[in-house]
Amino acid sequence: MIELQAIGKSYQDKVVLKDINLKIQTGEFICLVGPSGSGKTTLLKMLNRLVEPSRGKILLDNRPLEDQSVQQLRLNTGYVLQEVALFPHMTVFENIALMLELKKIPRGQWRALVKDWLLKVDLNPELLERYPSELSGGQQQRVGIVRALITKPKVILMDEPFSALDPLNRRQLQALIKRLQVKYQLTIVFVTHDMAEAKLLADRLALIYEGRLLQFGPVAELLAQPKNSLVTQFLQGGKAID
Ligand SMILES: Nc1ncnc2c1ncn2[C@@H]1O[C@H](COP(=O)(O)OP(=O)(O)O)[C@@H](O)[C@H]1O
Ligand SMILES: [Mg+2]
């Protein structure tokens, strides 16, 4: 379980996040949705301590994040970005095996494990020896997903992972990540500015606007009991979220 208590973030005199309270249960798919610049990435990066809060506290399984070693935390956290950031000079296998080495999985298991995971994300295991530049954008993002999931991290953080993909690949990867999340009961915190994507994926949706949490809940609840008209506008796509 992840608990954010009265989280705030300022850069100099600029307030970026204000009084965010949020409890994420294990096995939940949470989407942080809001316009560009609303503070989603900043909030997400606090969960693996790429950014430290200015105020408030974050608990992971009831332990303050600041008491846990950053190295241990990062090992237990999968991270997927819009730019896949595979190492260009390493093959698909080497890119993924890196994570297995960090997690001290015995070397003898690597090849079978990686092949198995490539199949899980609908990639041909023949791609194992290819370099990232020899893959399409969709294939690269699938490798990025394998790299983030293969060590079974406690939490997976995803920051607009599909926004650079064409519509067909985006739809396929949305279905894929939802399928894997349900199958393995993964805890995913997923940032998007695309309300349709958030509605499709999220168990619960956190609406972020100008650094504040407008409302947090399942889509149906937000629709039925919006806290204010902004929530309704966002959900109905009446207000441009970009
Ligand atoms: N390191 C930083 N220094 C100063 N301002 C920052 C920094 N990181 C983010 N910001 C500002 O914080 C706000 C929220 O940014 P971000 O979390 O990236 O938003 P989002 O991901 O929702 O687009 C923006 O106004 C951005 O310019
Ligand atoms: Mg962002």
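As a basis for the values below, the full set of heavy atoms in this structure was taken, side chains included, without hydrogen atoms, waters or symmetry mates. We count ligands from 1, going down the list as the structure has it; atoms in each ligand are counted the same way. Residue numbers run from 1 in the order of the sequence given. Since we're looking at a predicted model, the values are computed, not measured.
In this structure, Lys9 does not count as a contact residue of ligand 1, since none of its heavy atoms falls inside 4.0 Å of the ligand. Ligand 1 lies nowhere less than 4.0 angstrom from a heavy atom belonging to Gly211. In this structure, Gly34 has no heavy atom closer than 4.0 Å to ligand 1.
For Lys103, the NZ atom sits in a packed shell: over 12 heavy atoms of surrounding residues, nucleotides or ligands are nearer than 6.0 Å.
Comment: Asp61 engages Lys154 in a salt bridge, judged by a side-chain N to carboxylate O separation of less than 4.0 angstrom. Using a 4.0 Å cut-off between a side-chain N of Lys or Arg and a carboxylate O of Asp or Glu, Glu101 and Lys104 do not qualify as a salt bridge. A salt bridge links Asp203 with Lys178: at least one charged nitrogen is closer than 4.0 Å to a carboxylate oxygen.
Nearest protein neighbour of atom 23 (O) of ligand 1, counting heavy atoms only, is Gly37 N, 2.6 Å. Protein heavy atom closest to atom 16 (P) of ligand 1, with residue, atom name and distance, is Thr42 OG1, 3.6 Å. Protein heavy atom at the shortest distance from atom 10 (N) of ligand 1 is Tyr11 CE1, 3.8 Å. When only non-hydrogen protein atoms are considered, atom 19 (O) of ligand 1 lies nearest to Gly39 N, 3.2 Å.
Near Pro35, the atoms of ligand 1 lying under 4.0 angstrom from a non-hydrogen atom of the residue are 22 (O). Taking a cut-off of under 4.0 Å to the non-hydrogen atoms of Ser36, the atoms of ligand 1 that pass are 23 (O).
Protein contacts to the Mg ion (ligand 2) involving N, O or S atoms at a distance below 2.8 Å are Thr41 OG1.
There is a protein heavy atom closer than 4.0 angstrom to atom 7 (C) of ligand 1.
In terms of hydrophobic clustering, with Ile, Leu, Val, Met, Phe, Trp and Tyr side chains grouped at heavy-atom distances under 4.5 Å, Val143 and Phe162 are assigned to a common cluster.
Taking each of Val16, Thr41, Val15 in turn, the one with a heavy atom nearest to atom 11 (C) of ligand 1 proves to be Val16.
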Derivation of the side chain to side chain donor-acceptor pair (under 3.5 Å) call for Ser163 and Arg170: CA-CA 7 Å; Ser163 357; Arg170 194 180 314 149; over 6 Å; no
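Under the 4.5 Å side-chain criterion, counting only non-hydrogen atoms from C-beta, Gln141 is not in contact with Leu86. In this structure, Val70 and Arg74 have side chains that are in contact, with non-hydrogen atoms separated by less than 4.5 Å. Taking the side chain as every heavy atom from C-beta outward, Leu214 and Lys227 never approach each other to under 4.5 Å. Looking only at side-chain heavy atoms (C-beta outward), Ile58 and Glu3 stay at 4.5 Å or farther from each other. A 4.5 Å side-chain heavy-atom check between Lys18 and Val15 finds at least one atom pair inside the cut-off.
Within the 4.0 Å heavy-atom criterion, the part of Lys14 lying near ligand 1 is the side chain and not the backbone.
In this structure, Arg111 is positioned above the aromatic face of Phe93, its NZ or CZ under 6.0 Å from the six-membered ring centre and within 45° of the axis.
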